[in-house]
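Below is one structure; the comments refer to it alone.
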2 protein chains.
Amino acid sequence: MVTSRDVARLAGVSQSTVSYVMSGRRSISPETRRRVEEAIETLGFQPNAGARALASQRSQVIGLVVPFAPGADMTGVLPFIETITKCAREEDHNVILATEDEGAEGLTRLSDQSLCDAIVLMEVGSKDPRIPVAAGLSVPVILIGVPDDPAGLYCVDLDYTLAGRMAVDELASSAHDRVVLLGYPRDVMARDVNFVRRFLRGAEESAAAHGIAYVEVSPPDTSRAGAEAALDEALTEQGPGGGRLGLVVPDPQLIQPTLQSLLDRGLVPGRDLSVIGLCTDRTAETSTPPVTNLSLEPRDVSRRAMRILFRLLNHESVPTASTVELVTPRLTLRQTSLPAR
Amino acid sequence: MVTSRDVARLAGVSQSTVSYVMSGRRSISPETRRRVEEAIETLGFQPNAGARALASQRSQVIGLVVPFAPGADMTGVLPFIETITKCAREEDHNVILATEDEGAEGLTRLSDQSLCDAIVLMEVGSKDPRIPVAAGLSVPVILIGVPDDPAGLYCVDLDYTLAGRMAVDELASSAHDRVVLLGYPRDVMARDVNFVRRFLRGAEESAAAHGIAYVEVSPPDTSRAGAEAALDEALTEQGPGGGRLGLVVPDPQLIQPTLQSLLDRGLVPGRDLSVIGLCTDRTAETSTPPVTNLSLEPRDVSRRAMRILFRLLNHESVPTASTVELVTPRLTLRQTSLPAR
DNA sequence: CATTGCTGTCGATACGCATCGACACCCCCG
DNA sequence: CGGGGGTGTCGATGCGTATCGACAGCAATG
């Protein structure tokens, strides 16, 4: 192993000088700097992470807690991980992974063992039991998702209320007469996840504002049969015909089954009715047919979270007065939207 | 911050005794052990990771290099990450993430900075430029995927050759007359990925062995249009009718488009022909209709890799003489298989 | 009783780096 | 020509843990 002492010896300077060359925390003469950098290059010196962390009280590591819990919707988790990792690297930090199923102890472990300088907590639930613990840690914590009580922690999330509103707004403005919201399956509803409530509220509000007919049906699960059942309920209740129907499907897993069920009934999305999904663009592009969607913007959300995080780490002031930052979803029209009339 | 010295003071022992209680590397009297453990509990002591790493030359961290490169197939990466992380935690290790786009430097960084004790390298290509670098690192490296020259490194992967053989074996044994292999898109073929070649070879071999008609067509890309084009080529060439046709689709991204294209032509998978996909079970279950598939077994592959890894770290002998460990795929019949005749 | 061999504990040290205080040197100004 | 204020470098120290050698106490042995 090459140490900074080896570099110092080769460059003919002291070890501390090497350290100052690398950190830039003291001025160094151009000549010395050159010699040291040359020595670093020659020896291929890389500072020992443990020693650095021990001496500086900074691990240069970000803890990322991901939802691997069984049953959690893992669709679209990857873009978050990807973006967060890349943002971290841009700031010369590394990412250490923890899984949701470790619960609150996972958080204290990361923090108390000085494994990381900050924590990003993904997929935060309404009354997430980790929140009070997170609030008491010695490292800053950024939440992706908005709990009922953020306990002063910084939160970033998609603006689900706005997403719900945008979905119905779009349908209303393209002359649809009625909206059916194909809700989340019962088990998701039972978990009382925050963003579900927010989305539904936004959709309802918009429907009310536009004076447009609005019903909400909950499928038993996200299977093909679940979609069938929900559609049965939705369509028989109102009759299949008459007017322009808009279907809003906020659960990504339900989109493909729903589209398929519609086709089986001879109802072609984009010809006989509109379908708007809430899912990643990738999911929307690859569904058959490609579905008009509101993007979950995982990259934007992640980037915003990381910006806050590094501002906190660098003791810069965090500009927003608010503790909750919401990202605006993006609507992309694809093949499942009825043409304007 | 609570240190082992604090624990020692409270327990009335020396710091080194605390360390020995925790590591179990020297015998400790029951009475002393009790007092120390009580003190640890009381203070909520967690050893400082950096200090521990510095002193013991062990970071208790596994480096995981994931394929986030643009264009890489990210489908199914998550189960690998999940399983690897969980295996690591079972052995009291953490996982640090690196992205493929850091290339070989990412590997030397992880190793030379002593950020981790071992590295898992995912999605290794045939002539992956990282292999020679990996072979020279001071930490063990486990590959997921098999390069042309493993350079003495341990590799774990699905047995793609067997998968190809199993696909055609299944079709042959269920009285199919001919097999069309809807290959990988041209850009994947161009990258000359190892597992693609292996799968195709297995399929060819089996077809030859069974004396069954076999053609292979390559779609331009994984879009719907790409699937259409490939199907056009495959079906016109042989005519749509006559005998029992089996379609093998090894690219997960191509499966849904292909199924859809078939349905559009009035060809119902499971009634008019058979379709076998190579994809995760999850993908197979959620396709419409659910496709008979050979599983990629990400959990098995990951677990095998981690077992080797920890054996290496614990200086246990690694049992296999061979450096390459292949996992047997699992065939699951679903709705796209023709009933036996 | 002297010796040997354990068992259980302690003190000291090393790990590699960051940082603080000291200080030698030089330049500029009085 | 003397003093003051930078500038650039160094030595020393500390971060918190693991581990080595030492050794006190005790039991078993000849």
Side-chain angles (χ1 to χ4, degrees), chain A residues 1-37 39-40 43-61 92 94 109 111-117 138 313, chain B residues 1-37 39-40 43-61 92 94 109 111-117 138 313:
Chain A
M1 160 176 273
V2 182
T3 72
S4 61
R5 188 163 257 106
D6 299 329
V7 174
R9 198 173 310 127
L10 180 58
V13 298
S14 76
Q15 178 267 324
S16 59
T17 299
V18 174
S19 180
Y20 284 122
V21 166
M22 300 200 68
S23 70
R25 295 180 148 280
R26 284 209 180 165
S27 56
I28 298 286
S29 71
E31 165 60 13
T32 303
R33 152 160 284 122
R34 198 191 53 70
R35 285 217 316 280
V36 170
E37 283 171 347
I40 289 176
L43 299 177
F45 168 66
Q46 307 251 105
N48 180 291
R52 188 211 279 267
L54 184 57
S56 67
Q57 313 278 39
R58 285 285 210 114
S59 60
Q60 305 274 103
V61 168
D92 203 43
N94 288 291
R109 190 171 58 82
S111 167
D112 292 356
Q113 294 188 356
S114 298
L115 276 164
C116 62
D117 300 331
S138 54
L313 284 184
Chain B
M1 158 177 273
V2 182
T3 73
S4 60
R5 191 163 256 109
D6 299 330
V7 174
R9 197 173 310 128
L10 181 58
V13 298
S14 74
Q15 178 267 324
S16 59
T17 299
V18 174
S19 179
Y20 284 123
V21 166
M22 299 200 69
S23 70
R25 296 180 144 280
R26 284 208 179 165
S27 58
I28 298 287
S29 72
E31 165 60 12
T32 302
R33 153 160 285 122
R34 198 192 52 71
R35 285 217 315 282
V36 170
E37 284 171 348
I40 288 175
L43 300 178
F45 168 67
Q46 307 251 103
N48 180 289
R52 189 211 279 268
L54 182 58
S56 67
Q57 315 277 36
R58 286 284 211 113
S59 60
Q60 305 273 105
V61 168
D92 204 43
N94 288 292
R109 190 171 58 84
S111 167
D112 292 356
Q113 295 189 356
S114 297
L115 276 164
C116 62
D117 300 332
S138 54
L313 285 184

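Numbered from 1 within each chain, the chains take letters A, B, ... in sequence-line order. Predicted, not measured: the structure shown is a model, and the values here were computed from it. The basis for the numbers below is simple: all heavy atoms, side chains too, and nothing from hydrogens, waters or symmetry mates.
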Please list residues of residues 47-58 of chain A whose heavy atoms come under 4.0 Å from any atom in DNA chain C, ordered by number; otherwise none.
-> A:P47, A:N48, A:A51, A:R52, A:A55, A:S56

Please step through side chain to side chain contact (heavy atoms under 4.5 Å, CB included) for the pair A:N48 and A:T3, ending with a clear verdict.
-> CA-CA 8 Å; A:N48 180 291; A:T3 72; over 6 Å; no

Side chain to side chain donor-acceptor pair (under 3.5 Å) partners of residues 21-32 of chain A, not counting sequence neighbours, each pair once | A:S29-A:T32, A:E31-A:R35

Under 3.5 Å, which protein N or O atoms sit close to an N or O of nucleotides 4-6 of chain C? Give each pair with its distance.
none

When you measure from every atom of DNA chain D, which of residues 8-23 of chain A have a heavy atom less than 4.0 Å away?
-> A:G12, A:V13, A:S14, A:S16, A:T17, A:Y20

Starting from P on C:dC17, measure out to CD on A:Q60 and report it in whole angstrom.
-> 14 Å

Distance (rounded to the nearest 0.5 Å) between B:I28 CD1 and B:M22 CE = 12.0 Å

Pairwise N/O distances under 3.5 Å, protein to nucleotides 23-28 of chain D:
none

Listed by chain and number, what are the side-chain hydrogen bond (donor to acceptor under 3.5 Å, both in side chains) partners of A:D112, not counting sequence neighbours?
-> none

Separation of atom CE in B:M1 from atom P in D:dG14, rounded to whole Å | 18 Å

Hey, which of B:V36, B:V2, B:D6 is the one that makes side-chain contact (heavy atoms from CB on, under 4.5 Å) with B:F45?
-> B:V2

What would the secondary structure line of DNA chain C be in dot-bracket form, counting Watson-Crick and G-U wobble pairs under 3.5 Å, with [ ] for pairs that cross earlier ones and | for pairs with another strand?
-> ||||||||||||||||||||||||||||||

Residues that B:L313 engages under side-chain contact (heavy atoms from CB on, under 4.5 Å), provided they are two or more places apart | B:R58, B:I62, B:H93, B:D117, B:A118, B:P140, B:L309, B:F310

B:Q46 to A:R109 - nearest heavy-atom pair and separation = NE2-CA, 3.3 Å

Return the residues of residues 25-32 of chain A meeting this criterion: a heavy atom under 4.0 Å from some atom of DNA chain C. Order them by number, or give none.
-> A:R25, A:R26

Taking only residues two or more places apart in sequence or in another chain, which ones pass side-chain contact (heavy atoms from CB on, under 4.5 Å) with B:A39?
-> B:V7, B:L10, B:A11

Under the criterion side-chain contact (heavy atoms from CB on, under 4.5 Å), which of A:S19, A:P47, A:S4 is the partner of A:R52?
-> A:P47

Roughly, in whole Å, what's the span from CD in B:Q113 to P in C:dC15?
-> 20 Å

Sequence-distant partners of A:R34, side-chain hydrogen bond (donor to acceptor under 3.5 Å, both in side chains), two or more places apart | A:E38

Give the rounded distance in Å between these two atoms: CZ of A:R5 and C1' of C:dA14.
-> 11 Å

For the student: nearest non-hydrogen atoms of B:S59 and B:C116, plus distance | OG-CA, 3.2 Å

Rounded to the nearest Å, what distance is computed from the CZ atom of residue A:R35 to the C1' atom of nucleotide D:dT9?
-> 11 Å

What residues, two or more places apart in sequence or in another chain, satisfy side-chain hydrogen bond (donor to acceptor under 3.5 Å, both in side chains) together with B:S14?
-> B:S16, B:T17

At what distance, to the nearest 0.5 angstrom, does CG of A:N94 lie from CG of A:L115?
-> 12.5 Å

